[in-house]
Number of protein chains: 2
Amino acid sequence: MIVDVVRRFNLTYTQRIGVLDDSFLGTGRPLAASRLLFEVGNDEGASVRVLRDRLDLDSGHLSRLLRRLEAEGLVATAPDEDDRRRRVVRLTPAGRTAYDDLERRSEDRAASLVAPLTARQQERLAEALATADLLVRAATVRLREVASDDPVARVATQRYFDELDARLPGGFDTGGPDAPEPGATYVVAMSDGEPVAYGGIRPVLDDETAEIKRMWVHDDWRGAGLGARMLRHLEALAVDQGYRRAVLDTNGTLVEAIAMYERSGYRRIERYNDNPYAEAFFEKEL
Amino acid sequence: MIVDVVRRFNLTYTQRIGVLDDSFLGTGRPLAASRLLFEVGNDEGASVRVLRDRLDLDSGHLSRLLRRLEAEGLVATAPDEDDRRRRVVRLTPAGRTAYDDLERRSEDRAASLVAPLTARQQERLAEALATADLLVRAATVRLREVASDDPVARVATQRYFDELDARLPGGFDTGGPDAPEPGATYVVAMSDGEPVAYGGIRPVLDDETAEIKRMWVHDDWRGAGLGARMLRHLEALAVDQGYRRAVLDTNGTLVEAIAMYERSGYRRIERYNDNPYAEAFFEKEL
DNA sequence: CAGATCCTCTGACTAAAGTCAGAGAATGAT
DNA sequence: ATCATTCTCTGACTTTAGTCAGAGGATCTG
């Protein structure tokens, strides 16, 4: 059923909205060149390498497209001062104008698409598309294991601490830099190169028990089921590693987290550590 | 606001779902050939002309693609018996197999896209996409004036009569073929080559009054605001033609229609004709 | 500081997409 | 019957897209 809806929507989309991509046409530039210009404008000072990954282009192909935009006077490239093998690409003033033109075309397209709808219908459409957007993004998030000193893991951890600090009544003190945790496994969920959820497991109490640590979901991603998905993923990892029980602690102010643990089959237990910030303790047989 | 949501979704879509089109890749055939094969399979016996319009291809380009599919033994072309300038294209058994393969790939893609979501999330996504689908389709419907003896108008009229016949307690009798109606204007809303809504105006009573006639919306399109849009369109036409008042009659069983007229500012009036099927009468100052 | 690796670039292609003119058969209008 | 029109096709292109090998400079590793 859902598959049919997705496919039907896909068809509608490519036939009707897909024409939005045509906003990149009619500029006298090939599509790939416009896409590149758009990407450079979005991420001012991106290196050629980043653009290549982002647009999934062959290095020769991209290089030629850059020469073309350069010849048109829209972008300028210069060596990256941090690593002179890399080259950074920037828009020239003329390039900025061309970029703004693309933006305007894209906006006009979107506006003319919804113009025939009443205000009420536009609201319904916006709501439906926002929901679809969130869920599609959530569905295409990739979970991957990271070392706890991986730069991405550090970013996620910092955000986790920041949130605790903001939400706990007395603030939160990390107590200095991370000590290495033998046997711990951390997982990050990435979307568009940004961490959107994070969590890990580590041995605790006895060798059959894993502790779920540092569960965090990006603000913009609440309600998309990412937390539950991360939790399932961590539980599966724990089973793979031979654990038979998961425990976790959390602060009483994190009510959505507590509700999510309860929905996921966790039961409250007695305090099992001396974490001063923890107020609620849970376990689940795996 | 809505514009931003549309654009954001557009980006998500092209980056994530858009890869659905890749189901046409990896078949050893160029994309255009796969699309053509898909189209031929969807509309068995389509003429080259129809395919050209549908896929928006240059006639030379299409012709070469057809030769290619023919050489692979996937399609066969033969002159159209009705007009031997035209040629109709059909799938061969091998072509049917290749088509089914494309279908399967497309389904698999859609299934794997939603696989990471929970059942509840899949439901939400299906609902959101179905809503978006309906509204996007509604937004891209084109209204155009037609003569009442235009084939499309006949189809729409017939569906209108069929529905009356099915819904009125005693059935509905057209009372023979249409008499010509001097001064009448009919409008049809088309989507994918099919009429999805219909309606017209004609002079009645005095030369300041237009009567709204034969308002009909396709079953699948109820709730998309098409009826209201058609009504607004007809009112605007009436104003252009110098009318200052619109009236209409309808049967009491057509409750959604009555609700729609009331929402659109129509007030109940006394019977103004002797239409035996009419039970409710409305007017609106334009 | 030597060798491996990374990054971007050019050369030399092939494949796919798209364009335009016009030929030849079939059909419609008068 | 004639002429204009319609439909599909082929020929003869150009432009985009995409691939692969390797050159040459910059940086990292031991």
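Chain letters run A, B, ... following the sequence lines, proteins first, then strands; residues in each count from 1.
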Review point. Taking 4.0 angstrom as the limit, do A:R49 and A:D53 come out as a salt bridge?
Key: yes

**Study point:** Ring centre gap for A:Y186 and A:Y198 strictly below 6.0 Å
**Key:** yes

**Study point:** Between D:dA17 (P) and A:R29 (CZ): distance, integer Å
**Key:** 12 Å

Check your understanding: Should A:H61 be listed as having a side-chain N or O under 4.0 Å from OP1 or OP2 of D:dA17?
Key -> no

Study note, to complete from the structure: Between CZ of A:R67 and P of D:dT16 the distance, given in whole Å, is 18 Å

Review point. For A:R64, which contact category applies under a 4.0 Å heavy-atom criterion: base, sugar-phosphate, or nothing?
Key: base

Study note, to complete from the structure: To the nearest angstrom, the CG-C1' distance between A:L31 and C:dA17 comes to 12 Å

Check your understanding: How close or far is atom C1' of D:dA23 from atom CZ of A:R85, stated in whole angstroms?
Key -> 16 Å

Check your understanding: What does B:D58 touch in the nucleic acid at a heavy-atom separation under 4.0 angstrom: a base, only the sugar-phosphate, or nothing?
Key -> base

Review point. Does A:R86 place a side-chain N or O at less than 4.0 Å from the phosphate oxygens OP1/OP2 of C:dT8?
Key: no

Review point. Between A:F38 and A:Y99, is the ring centre distance below 6.0 Å?
Key: yes

Exercise for review: Check the distance between D:dC7's C1' and B:L66's CG and give it to me in whole angstrom.
Suggested key: 13 Å

Check your understanding: Are any of the side-chain nitrogens in B:D101 or B:R105 under 4.0 Å away from the carboxylate oxygens of its partner?
Key -> yes

Check your understanding: Are any of B:S47's side-chain N or O atoms less than 4.0 Å away from OP1 or OP2 of D:dC7?
Key -> no

**Study point:** No-hydrogen, no-angle side-chain donor-acceptor test under 3.5 Å, B:R96 and B:T92
**Key:** no

**Study point:** Side-chain N,O (A:R49) to OP1/OP2 (C:dT8) below 4.0 Å
**Key:** no

Exercise for review: Grab the CG-P distance between A:L57 and D:dC20 for me, whole Å please.
Suggested key: 15 Å

Check your understanding: Closer than 4.0 Å, any side-chain N/O of B:R87 to the OP1 or OP2 of D:dC9?
Key -> yes

Exercise for review: Can you tell me the distance, in whole Å, between the CZ atom of A:R84 and the C1' atom of C:dT5?
Suggested key: 19 Å

Review point. Separation of A:D56 atom CG from D:dG18 atom C1', in whole Å?
Key: 11 Å

Review point. Could one point to a donor on the side chain of A:S59 or the base of C:dC7 with an acceptor on the other under 3.5 Å away?
Key: no

Check your understanding: Which residue, A:A33 or A:D80, contacts DNA chain D at a nucleotide closer to its 5' end, judged by nearest heavy atom?
Key -> A:A33

